[in-house]
Amino acid sequence: MKEHLNELVMQALLDVRRKAAVELPPEPAFAIDRTKSKEHGDFTTNAAMVLCKALGMKPRDLAAQIVQHLPPSRHIDKVEIAGPGFVNFFLSRSCLYGTLKRVFERGVEYGRSAPVEGERVTVEFVSANPTGPLHVGHGRGAAFGASLASVLEACGIDVQREYYVNDNGRQMDILATSVWLRYLELAGTPVRFPDNAYKGEYVYDIARALKSSAGDRLRRTAHEIGADLPPDESQGGDKEAHIDALISRCKTLLGESDYRQVFDAGLNSILDDIREDLGQFNVRYDTWFSERSLETSGAVKRAVDRLTRLGHMYENKGALWFRATTFGDEKDRVVVRENGQPTYFASDIAYLLNKFERGFSRAIYVFGADHHGYIARLKAAAQGLGLDPSKIEILLVQFAILFRGSERVQMSTRSGQFVTLRELRNEVGADACRFFYVMRSNDQHLDFDLELAKSTSRENPVYYVQYAHARICKVFREAIERGLTHNRAGGDAAKQRLTLEPELDLLGMLQRYPEAVEKAGETRAPHMIANYLRELAAAFHSYYDFKGADTRILNDDDDLRNARMNLALAVRQVLANGLKLIGVNAPEKM
RNA sequence: GGGUCCGUAGCUCAGUUGGAUAGAGCACCUGGCUUCGAACCAGGUGGCCGGGGGUUCGAGUCCCUCCGGGCCCGCCA
């Protein structure tokens with residue numbers, strides 16, 4: 001519709017230009033927008049106000065000229081000039097009724113756009129280190145990333161959902177060491193547990209599994225392990241030095257193959273857990289990308305070589321630096337440490353390059369707000385590699401703060417006192433979680449009220465939307481029970497019987513759905529889908545309880561009933577389609 | 001100190017990339033179930049869009065500045 005109106009206005013402008021013999025900017029930048037208020041029709045354009053200066057006319061005069069030259073269209077009932085020079089379009093009823101047909105023809109596809117040629121996007125989200133279970137902060141990234149990916153897909157974009165698995169770093173070595181120490185404890189050889197190691201209960205679970213698969217083969221004496229280690233923090237030393245020494249002791253004592261077994265036991269166990277957790281959260285990935293593979297395949301070296309070749313690397317104090325400041329970052333960044341170990345940033349660069357080598361035209365990253373420092377760094381890396389930085393988008397998700405009623409739930413990673421995503425899901429349910437996480441703009445802090453999310457009351461927006469869907473399903477069950485038939489073709493033939501204001505409002509809402517999806521995709525704002533669904537549900541509830549006239553769907557008048565059942569069915573379809581985008585179920589009963 | 005996100009009704013937040021009279025939910029007040037599910041609906045109260053300056057036909061939205069808050073600023077991961 002927007003495109004249609006755009007064309008009409010364009011035609012009118014060209015006509016005006018010809019008649020008045022005036023110049024027109026090569027690409028006149030006027031907008032076609034939905035109106036806020038019904039008094040102003042359905043769509044409006046600001047063309048007259050934007051272009052009046054260039055044409056040397058008064059805005060209202062130009063508006064009149066545009067209206068006069070507007071080609072006729074069967075979709076438009078009326079055109080008005082209002083305010084300072086808006087041209088308002090009132091759509092015809094038949095245009096509204098046409099929406100029903102489109103919804104039925106497209107079904108689950110309604111709201112989805114045709115494939116966009118040449119746009120392949122990777123959306124990377126969550127990518128939490130596999131050193132422990134996901135917590136509620138990751139939950140928001142998961143809900144946002146998964147919803148965004150679905151919305152983009154609905155916009156016709158070829159989307160890959162990726163989880164970057166940090167299976168290669170020091171943190172993972174700390175996990176492996178933690179697992180081994182717990183294993184030894186279970187095997188009857190308790191060894192002092194470092195301050196900096198992973199203390200969670202889940203480490204014991206992994207150690208138990210390891211013990212049943214490896215038996216006593218990985219046992220070593222406490223003396224072998226503890227000999228000549230630098231003191232830990234609580235022993236008056238440096239915790240980092242202590243744990244690093246312990247890691248290398250662990251590697252030496254176990255040998256490469258056994259160390260790898262312990263390491264993989266931790267990695268695989270936690271990764272499986274994360275996979276299951278996200279799966280139950282209705283979040284699925286196309287690719288679980290191993291960081292280690294970047295190193296073993298030589299991708300890291302190739303990326304660094306490329307930066308070196310292009311003259312963006314230098315050596316200082318034995319380390320290799322990327323000259324990020326050339327590209328607007330606040331400081332240069334170490335890529336290879338003095339000890340020869342590449343930093344995580346080295347892998348990040350390699351992964352970035354890898355994404356474009358795999359043929360993606362755009363890379364979207366979803367990060368927690370605490371990682372905002374990475375934006376400049378990654379964009380600088382992109383430029384250094386010779387990539388177009390505008391093809392790298394980094395979207396930040398602000399923190400979620402849990403409330404139980406008005407009480408704030410305290411969390412700190414340090415003390416291990418964090419609420420896991422699984423606990424949250426178990427308490428409030430996946431649907432409510434997904435909806436709550438995604439109903440606010442990603443760059444807005446989120447107050448997540450557990451009591452509200454759990455409540456099955458009117459205050460809870462999830463149930464409000466789901467209830468609209470269940471209500472419609474109930475009407476259709478009721479129809480069967482009463483022996484009332486639904487004839488879709490009959491309803492289609494009688495669609496002009498839908499003349500009540502709340503019915504026309506609903507049709508308007510249905511017509512707007514594809515626009516909402518498109519807007520949400522363009523602005524990377526899946527919360528718009530949640531808002532749209534609330535509005536659609538509100539329009540339906542309002543219709544259902546309408547007091548001004550008899551609006552019962554299951555009417556004795558066959559034509560009217562069929563028409564209204566069609567309308568209800570279309571609403572149900574769109575509710576289901578929208579909920580699907582944000583990963584929330586559309587229940588038939590509640 | 002530098003960077004970044006934010007500040008809109010008592011509370012939590014929308015606001016269609018600069019449009020017309022700033023909206024919704026909760027809370028509070030009033031009303032609605034013998035007919036499709038009241039997990040619902042209808043109506044009402046409630047605002048210096050943090051302050052100030054600028055850009056223009058037009059600013060909650062863009063720019064500058066100040067005030068207030070969250071987060072970040074390692075050869076950490």
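Residue numbers start from 1 in every chain, and the chains themselves are labelled A, B, ... in the order their sequence lines are given, proteins ahead of strands. Keep in mind that what you see is a predicted model, and the values were worked out from it rather than measured.
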A/His541 NE2 to B/rA39 P, straight-line distance once rounded to whole Å: 10 Å

Among B/rC36, B/rC75, B/rA20, the nucleotide that comes nearest once only the side chain of A/Lys36 is considered: B/rA20

Donor-acceptor pair (no angle test) under 3.5 Å: A/Asn88 side chain, B/rA20 base: yes

5' priority, RNA chain B, between A/Asn46 and A/Asn531 [closest heavy atom]: A/Asn531

Close N/O contacts between protein and nucleotides 42-45 of chain B (under 3.5 Å):
{"from": "B/rA42", "atom 1": "OP1", "to": "A/Ser542", "atom 2": "OG", "distance (Å)": "3.1"}

Verify stack between A/Phe86 ring and B/rG19 base, 5.5 Å, 30 degrees: no

N/O (side chain, A/Gln444) to phosphate O (OP1/OP2, B/rG70) under 4.0 Å: no

Over all atoms of both residues, closest heavy-atom pair of A/Asn442 and A/Arg140: CA-NH2, 3.8 Å

cation_pi(A/Arg471, A/Tyr544) dist<6.0 Å, angle<=45: yes

B/rA38 OP1/OP2 closer than 4.0 Å to side-chain N/O of A/Tyr464: no

Output a table of nitrogen or oxygen pairs between the protein and nucleotides 55-58 of chain B separated by less than 3.5 Å.
{"from": "B/rC57", "atom 1": "OP1", "to": "A/Lys53", "atom 2": "NZ", "distance (Å)": "2.4"}

Complementary nucleotide for B/rG7 - Watson-Crick or wobble, under 3.5 Å: B/rC67

Short side-chain N/O contact from A/Arg471 to OP1 or OP2 of B/rA38, under 4.0 Å: yes

Comparing A/Ala479 and A/Gly373 on RNA chain B - which has the more 5′ nearest nucleotide: A/Ala479

A/Ile401 CD1 to B/rG70 C1', straight-line distance once rounded to whole Å: 8 Å

Base B/rA20 to side chain A/Thr44, donor-acceptor N/O within 3.5 Å cut-off: yes

Gap between atoms OH and P, on A/Tyr544 and B/rA38 respectively (whole Å): 5 Å

Chi-angle category of B/rU34 [syn within 90° of 0, anti beyond]: anti

Aromatic ring of A/His40 stacked on base six-ring of B/rA20, 5.5 Å, 30°: yes

Sugar-phosphate only, base, or nothing, as touched by A/Met528 at under 4.0 Å among non-hydrogen atoms: sugar-phosphate

Short side-chain N/O contact from A/Arg377 to OP1 or OP2 of B/rC73, under 4.0 Å: no

